[in-house]
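Working notes, beginning with the structure itself.
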Amino acid sequence: MPTSKTRESGALQRALVGKGIRITRQRRTILAVIETATQRLDAAQILRKAARTDPGIDRATVYRTLKLLQRHGLVDGLDLLHETGEGHFYERRAERDRPHMTCLRCGRVQEFGSKLIDRTKGHVERDCHFYIVFARFEIGGYCAACQGSAAKMR
Ligand SMILES: [Zn+2]
């Protein structure tokens with residue numbers, strides 16, 4: 001689990017602003033809690049920490065902000081098996097978890113849709129009773145622009 005304290009502060013906020021989302025003061029506080037966390041936090045822990053800065057923050061605000069971040073792929077919500085209630089953890093999505101393809105010729109890196117991979121991770125967690133902290137998917141090959149010359153290399 002990545003617990004680096006060197007995580008760039010303000011990155012989540014910038015990512016949301018980049019998507020045209022308004023950042024309220026309360027949201028900013030919650031984002032800061034997630035960004036500076038050194039371990040996975042559940043919603044109750046996020047609420048407790050955020051309320052220290054802003055006592056006006058309530059559960060609903062925390063949940064709304066988490067949903068928003070999940071919708072935009074900025075945090076992962078991790079369901080732990082056999083846990084109920086607060087056993088749902090959130091952490092900032094690690095860059096390396098993003099599935100990507102690297103062109104072996106020009107070096108171009110493209111991300112690809114991760115819905116299938118998310119589903120696969122879910123299956124593995126259920127079937128193998130394995131709690132996945134990260135999974136890495138990487139594809140090497142030739143991008144559309146390089147395929148002509150790649151064909152000759154085969
Ligand atoms: Zn290429």
Side-chain angles (χ1 to χ4, degrees), residues 1-43 45-47 49-50 61-83 86-154:
M1 174 177 66
T3 55
S4 165
K5 285 177 189 164
T6 60
R7 282 173 172 181
E8 197 191 354
S9 148
L12 284 178
Q13 190 181 320
R14 276 196 300 281
L16 286 177
V17 169
K19 290 168 191 287
I21 290 155
R22 204 169 61 92
I23 306 296
T24 61
R25 192 169 42 85
Q26 294 194 336
R27 270 186 189 162
R28 192 175 307 132
T29 302
I30 294 166
L31 297 179
V33 167
I34 296 167
E35 282 187 327
T36 57
T38 52
Q39 59 178 39
R40 285 175 299 114
L41 300 173
D42 67 21
Q45 289 168 319
I46 293 170
L47 173 59
K49 283 173 187 281
T61 311
V62 170
Y63 275 107
R64 270 200 306 274
T65 304
L66 288 171
K67 286 277 166 269
L68 179 77
L69 289 167
Q70 271 187 292
R71 213 163 44 237
H72 291 282
L74 297 169
V75 299
D76 282 328
L78 303 163
D79 280 307
L80 291 180
L81 284 170
H82 312 307
E83 290 232 24
E86 302 296 344
H88 193 93
F89 292 83
Y90 298 87
E91 67 181 346
R92 208 177 130 189
R93 181 169 287 192
E95 296 296 319
R96 64 176 183 190
D97 280 7
R98 298 228 178 104
H100 60 271
M101 303 180 278
T102 307
C103 178
L104 300 172
R105 186 162 173 270
C106 68
R108 188 165 164 242
V109 178
Q110 286 173 265
E111 285 187 16
F112 58 89
S114 63
K115 273 204 181 81
L116 189 65
I117 284 161
D118 287 342
R119 232 179 298 148
T120 304
K121 285 200 282 190
H123 284 310
V124 170
E125 290 201 321
R126 276 190 304 276
D127 296 352
C128 307
H129 292 264
F130 192 86
Y131 166 55
I132 298 175
V133 175
F134 70 88
R136 220 175 288 191
F137 294 92
E138 204 171 358
I139 292 177
Y142 298 98
C143 74
C146 294
Q147 274 167 32
S149 42
K152 291 172 207 150
M153 291 184 242
R154 273 181 198 151

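Both ligands and their constituent atoms are indexed starting at 1 by order of listing.
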- Query: Taking only residues two or more places apart in sequence or in another chain, which ones pass side chain to side chain donor-acceptor pair (under 3.5 Å) with T29?
  - Reply: none

- Just wondering, do T65 and I46 contact through their side chains at under 4.5 Å, heavy atoms? no

- Message: Listing by chain and number, which protein N, O or S atoms are under 2.8 Å from the Zn ion (ligand 1)?
- Response: C103 SG, C106 SG, C143 SG, C146 SG

- Query: Hey, are the side chains of Y142 and Q147 touching, using non-hydrogen atoms and a 4.5 Å cut-off?
  - Reply: yes

- For R25, side chain to side chain donor-acceptor pair (under 3.5 Å) partners two or more places apart: D54

- Item | 4.5 Å side-chain heavy-atom contact, L66 and I30 | no

- The side chain to side chain contact (heavy atoms under 4.5 Å, CB included) partners of L47 (sequence neighbours excluded) come to I57, R59, V62

